[in-house]
Amino acid sequence: MNLRDRVALNIQELRRARGLSQEELAHRANVSRGHMGKVENAKFAASLDLLERIAKALNVNPEALFAKR
């Protein structure tokens with residue numbers, strides 16, 4: 001599994017574990033829902049700034065987005 005796929009799956013799992021919709025996470029991370037969908041489906045490589053905002057929105061350390069599951 002490449003890093004983009006791992007990050008995408010981790011974001012998806014963390015979001016679902018918190019009961020958030022893609023739309024709500026996108027709103028909290030200040031990005032469009034369409035863009036968030038592309039990040040979660042590994043269609044788009046997110047910038048470090050965006051990953052930091054997503055981690056903050058999920059209330060996790062940014063490192064959690066890169067963790068092996």
Side-chain angles (χ1 to χ4, degrees):
M1 175 180 299
N2 67 37
L3 187 57
R4 186 187 304 181
D5 291 334
R6 182 184 308 161
V7 169
L9 287 174
N10 286 339
I11 291 170
Q12 214 174 74
E13 286 179 10
L14 289 164
R15 175 182 59 76
R16 288 179 178 158
R18 283 153 180 75
L20 296 173
S21 67
Q22 238 182 32
E23 187 170 350
E24 178 61 26
L25 178 57
H27 175 73
R28 291 181 183 194
N30 196 29
V31 66
S32 73
R33 199 228 37 94
H35 192 84
M36 182 62 69
K38 289 178 182 177
V39 170
E40 278 196 12
N41 290 305
K43 304 281 186 208
F44 184 80
S47 69
L48 292 175
D49 290 337
L50 177 54
L51 292 175
E52 189 172 47
R53 292 195 319 262
I54 292 170
K56 185 176 179 180
L58 291 168
N59 199 30
V60 297
N61 289 323
E63 295 84 14
L65 303 181
F66 297 95
K68 289 186 178 181
R69 301 257 186 238

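Between the NZ atom in Lys56 and the CG atom in Asn30 there is a gap of 11.0 Å [rounded to 0.5 Å]. The line from CD of Glu52 to CG of Asn61 is 11.0 Å long, rounded to the nearest 0.5 Å. The line from OG of Ser21 to CZ of Arg16 is 11.5 Å long, rounded to the nearest 0.5 Å.
Looking only at distances, a side-chain donor or acceptor of Arg15 sits under 3.5 Å from a matching main-chain atom of Leu20. Arg53 places a side-chain N or O within donor-acceptor distance of the main-chain N or O of Ala29, the cut-off being under 3.5 Å. Distance alone, capped at 3.5 Å, is enough to place a donor-acceptor pair between the Asn10 side chain and the Ala67 backbone. Looking at Asn2, its side chain does come within 3.5 Å of a backbone N or O of Asp5 through a donor-acceptor pair.
In this structure the side chain of Leu65 never reaches within 4.5 angstrom of the side chain of Arg6, judged on heavy atoms. In this structure the side chain of His27 never reaches within 4.5 angstrom of the side chain of Glu23, judged on heavy atoms. Between Val60 and Arg18 there is a side-chain heavy-atom pair separated by less than 4.5 Å.
Ala42 and Ala8 make their closest contact through N-CB, 3.8 Å (heavy atoms, listed as atom of the first residue, atom of the second, distance). Pairing each heavy atom of Leu14 with each of Leu58, the nearest pair is CB-CD1, 3.9 Å. Annotation for Glu40 and Leu25: closest pair OE2-CD2, 4.1 Å, computed over non-hydrogen atoms. Closest non-hydrogen pair, Pro62 versus Ala55, comes out as CA-CB, 3.7 Å.
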For a side-chain contact (heavy atoms from CB on, under 4.5 Å) check, start with the C-alpha distance between Leu51 and Ile11, then their side-chain angles and the critical distance, and finish with the verdict.
CA-CA 9 Å; Leu51 292 175; Ile11 291 170; 4.2 Å; yes
Is there a side-chain contact (heavy atoms from CB on, under 4.5 Å) between Ile54 and Met36? Walk through the geometry before answering.
CA-CA 9 Å; Ile54 292 170; Met36 182 62 69; 3.8 Å; yes
